[in-house]
Amino acid sequence: MSNNVDLSSVLKSVEKPGRYIGGEYNRIMKDKAAVKCRFAFCFPDTYEIGMSNLGVRILYDVLNKDREVWCERVYAPWVDMVEKMEEYSLPLCAVESGDPVADFDMVAFSLQYEMCYTTALRMIKLAGFPLRACERDEDAPIFIGGGPCAYNPEPVAEFFDLINIGEGEEVLLEICKLYVFMKENGSYTKSAFLREASHIEGVYIPSLYDVSYNDDGTIKAYEPKYPDVPTKIRKRIVADLDNAPYPEKLVMPYIETVHDRIVLEVYRGCIRGCRFCQAGMVYRPIREKSPEKLCHLAKCLYDNTGYEEISLISLSISDYSKLPELTEGLLSWTDDAKVSLSLPSLRIDSFSEELMQRISSVRTGGLTFAPEAGTQRLRDVINKNVTEEDLMRAVGIAFRGGKSNVKLYFMDGLPTETLEDIEGIASLSKKVVDAYFAIPKPERPKGGVGVTISVSCFVPKPFTPFQWEKQDTFEELLLKQEHLKKCITDRRIRYTYHDAKVSFVEAVLARGDRRLSSAIEILVNDGVMLDAWDENFDYEKWMSAFERAGIDPAFYTSRGFGLDEVLPWDIIDCGVTKEFLLRERSKAYEEKTTPACSEHCSGCGASKLGGKNRWCK
Ligand code: SF4
């Protein structure tokens with residue numbers, strides 16, 4: 001920070017100054033005069049959340065392993081700090097060097113969730129730049145977007161120079177190398193660089209495409225402006241995950257963050273095919289790390305951090321084909337070192353007595369399962385592939401193993417859902433309570449049972465078999481939430497549900513096209529940011545911005561998209577084909593399930609990306 005302001009008095013006047021001071025143990029410092037590309041990795045949420053993000057940890061490590069690149073971290077300032085920055089004209093700065101973001105060559109944003117868009121853009125503004133890429137001058141850094149939301153980048157396409165589609169480990173380095181090469185040989189201009197970068201697989205340059213629309217407002221076509229620019233952008237993956245770089249040290253924060261623990265990414269992708277789940281489709285194909293590599297990484301990270309918890313992360317940890325070997329290897333030293341092991345993503349059907357024993361040996365607390373729907377019919381529609389018996393067996397094991405609190409995740413508003421399915425959520429939860437009392441009293445955990453059900457609103461996401469579906473209206477969702485509330489009569493069941501207004505805005509942004517940029521711009525210019533936080537989310541402001549931008553948000557939510565319509569995200573090839581998604585959609589309406597990849601390959605198309613495993617045909 002600069003401007004002759006007494007920074008210590010600014011820091012003393014804001015909440016959690018530890019968010020801004022840097023200087024953490026294990027942070028990476030380099031000589032800025034000796035590096036050729038300065039890379040600001042921006043996380044559009046608070047320090048506490050960003051510091052816990054696995055993607056940031058991995059990419060920070062990958063980029064800094066290259067001696068020509070210095071990657072630094074930038075987090076969103078909290079609202080109190082934003083006020084101070086505006087009051088004293090302080091620019092947004094990187095944590096490591098304290099240098100303004102304007103001094104960097106590349107400024108990349110990890111777009112984790114649609115509701116972070118306003119924050120990312122406000123950060124661009126706080127860095128001192130116009131929001132729209134076309135309004136930034138030649139000397140401005142290259143602004144990059146990436147992360148899970150990049151699978152439909154269109155609502156924010158006008159704001160970024162370059163979008164990274166897929167996994168960033170290799171692509172971001174290639175982008176930096178191209179930048180350095182063109183700078184050194186004198187061929188660099190921003191437009192020449194972006195044109196050249198469009199040839200890198202996994203790179204989307206929105207400004208190199210024209211989008212046209214039909215009279216009814218649907219998209220007519222995406223057309224590259226030049227013949228050498230690809231007509232579709234294929235996502236990048238890391239083919240050999242076991243040998244891919246992974247941090248052996250972590251930056252240690254001075255303040256508490258949301259996950260102060262070691263996170264081990266066990267595999268990427270998913271062998272299941274839940275029809276509502278975007279992650280399960282876009283991260284295909286599955287690529288596993290070996291137990292040996294994971295045990296080695298866990299030990300290095302423990303030695304370098306001293307964290308007392310190791311969390312095994314993947315979309316469904318119990319689907320890892322070598323879980324017994326991995327837990328065996330870890331437990332051989334973690335028990336003695338008093339390091340706990342957590343497995344946050346357990347599937348109901350693969351939860352076993354043995355797994356329970358392994359977890360119980362190190363950890364107490366509740367267990368979480370995700371039946372997602374209240375009836376078998378609807379679970380078949382969404383291809384959840386778990387039964388009521390699976391759930392009762394899993395909670396029985398949990399209760400007998402000493403757990404008295406179980407959390408169940410459900411969704412409402414799913415395609416074909418009726419009030420009977422909603423009532424099924426209440427009756428299934430009651431059966432879980434009953435399963436506790438079916439255990440003889442001496443064998444039950446003491447203190448009584450607690451079942452928490454958390455119900456989120458279905459958002460039809462791009463690249464899922466439900467991408468064409470409409471979302472329930474706000475009124476329909478409220479009605480279902482109220483109905484479920486009435487159906488829950490047991491006080492041992494705690495019911496929590498998501499704000500349907502947030503889910504509505506999330507759906508608009510997830511399914512939107514480039515025209516939404518005007519509304520997002522209005523919000524950011526009005527000072528909106530951090531509205532992924534309930535206390536900052538203002539539904540009326542969103543509706544007003546849509547109105548001022550001439551956008552009907554219901555066009556993106558209450559209308560089912562036509563099966564032959566050009567979708568905003570059709571410019572992206574995420575591996576899984578439209579034919580596969582259409583097949584899965586038909587099966588959903590026939591209430592037919594599709595087996596997991598481990599049982600049968602359904603030919604989803606993701607095998608063309610490489611990274612083959614023993615299942616992909
Ligand atoms: S190609 Fe087959 S096995 Fe591989 S991810 Fe797709 S459906 Fe699964």
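Just so you know, ligand 1 is whichever comes first in the structure, and atom 1 is the first atom listed for that ligand. All values below come from the heavy atoms of this structure, side chains included, with hydrogens, waters and symmetry mates left out.
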Practice task
Would you mind checking if Lys65 and Asp61 are paired as a salt bridge, meaning a charged N to carboxylate O distance below 4.0 Å?
Solution key: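 Here Asp61 pairs with Lys65 in a salt bridge, since their nearest N and O are under 4.0 Å apart.
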
Handout entry: All pairs passing salt bridge (Lys or Arg N to Asp or Glu O under 4.0 Å) where residues 453-466 contributes a residue, at least two apart
Key =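 Passing the test, one end in residues 453-466: Glu114-Lys461, Lys461-Glu506.
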
Problem - Charged tip of Arg515 within 45° of Tyr213 ring normal and under 6.0 Å - result: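 Verdict for Tyr213: a cation-pi partner in Arg515.
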
Handout entry: Distance-only donor-acceptor check, side chains Ser290 and Asp242, under 3.5 Å
Key =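 A pair is found: one side chain offers a donor N or O, the other an acceptor, under 3.5 Å apart.
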
Handout entry: Counterpart residues, salt bridge (Lys or Arg N to Asp or Glu O under 4.0 Å), relative to Lys232 (two or more places apart)
Key =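 Not a single residue meets the salt bridge (Lys or Arg N to Asp or Glu O under 4.0 Å) criterion with Lys232.
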
Practice task
Check side-chain hydrogen bond (donor to acceptor under 3.5 Å, both in side chains) between Arg236 and all other residues, then give those that pass, not counting sequence neighbours.
Solution key: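 Glu170, Glu174.
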
Exercise for the section: Enumerate the protein N/O/S atoms at a distance below 2.8 Å from atom 2 (Fe) of ligand 1, ignoring waters. Expected result: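 Only Cys601 SG fall inside 2.8 Å of atom 2 (Fe) of ligand 1.
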
